[in-house]
**Q** 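Would you mind keeping the following structure in view while I ask a few things?
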Amino acid sequence: SAHAATAARLTSTPLLRLARPGWREHGLAGRWHWVDDLPAARAAAERAERPFLTTGRQSLPAFAAWGDRAVVVRLVDPPEQPLPPRWRVIQSRGPYGHDDERRLMLGHRVDALLTKDSGGAYTVAKVEVATELGIPVVIVARPPVEPGVRAVATVDAVLSWLSCRGPNSSPSERPVSQR
């Protein structure tokens, strides 16, 4: 996000961020442990013996010290590096339902869920189910939107923003595709 904002500013290119609404406003959000980054997430779950990681494959090095634990890792794409032998990789893509998440967490005896605030409905079941089961939930909060970057939550809002930047607008207001 920071690189995109810098590039847009340097090239006078309009920038709009499309982001699903996060989970901060979820009814259970007050029961989750919110942290700012991956090291803080690891520290918050340091006592977990069977953590469930859904923080993405690029985040895995932050948890390398957990090689002695039975970590369950769910990824969309395969990991880039070999993982510790005790780690179980589940490669799949959401959406995930409550029943499936419950089976997964109970079947692996998960004792902590670590995730990022990806927002939306596709993956919210994991945080809801973990909370229902009394499993601690640690969520890495989204970074703030870069200064000067407008953010919207829907494709309709993007289309509306684009329609206001038609061919008669100034170069700095036109979408990149019209340059």
**Q** Which residues satisfy the side chain to side chain contact (heavy atoms under 4.5 Å, CB included) test with Ala43, sequence neighbours excluded?
**A** none
**Q** Ala64: which residues meet the side chain to side chain contact (heavy atoms under 4.5 Å, CB included) condition with it, sequence neighbours left out?
**A** none
**Q** Got a sec, which residues hit salt bridge (Lys or Arg N to Asp or Glu O under 4.0 Å) with Arg31, two or more places apart in sequence or on another chain?
**A** none
**Q** List the residues meeting ring-ring contact (aromatic ring centres under 6.0 Å, His included) with Phe52, not counting sequence neighbours, and say none if there are none.
**A** none
**Q** Under the salt bridge (Lys or Arg N to Asp or Glu O under 4.0 Å) test, which residues partner Arg74, sequence neighbours left out?
**A** Glu101
**Q** How would you list, by chain and number, every residue that makes a side chain to side chain contact (heavy atoms under 4.5 Å, CB included) with Asp36, sequence neighbours excluded?
**A** none
**Q** Is it true that atom CD of Glu46 has more than 12 heavy atoms of other residues, nucleotides or ligands lying nearer than 6.0 Å?
**A** yes
**Q** With His108, which residues qualify under side chain to side chain donor-acceptor pair (under 3.5 Å), at least two apart?
**A** none
**Q** Suppose we screen for side chain to side chain donor-acceptor pair (under 3.5 Å). Which residues come up paired with Glu146, at least two apart in sequence or across chains?
**A** none
**Q** Compare all side-chain heavy atoms of His33 with those of Val137 and state whether any distance is below 4.5 angstrom.
**A** no
**Q** Under the side chain to side chain donor-acceptor pair (under 3.5 Å) test, which residues partner Glu49, sequence neighbours left out?
**A** none
**Q** Could you give all pairs that pass the ring pair (Phe, Tyr, Trp, His ring centres under 6.0 Å) test and reach residues 62-89, with sequence neighbours left out?
**A** Phe63-Trp66
**Q** Who pairs with Arg109 by side chain to side chain contact (heavy atoms under 4.5 Å, CB included), at least two apart in sequence or on another chain?
**A** Arg50
**Q** Who passes ring-ring contact (aromatic ring centres under 6.0 Å, His included) against Trp32, sequence neighbours left out?
**A** His26
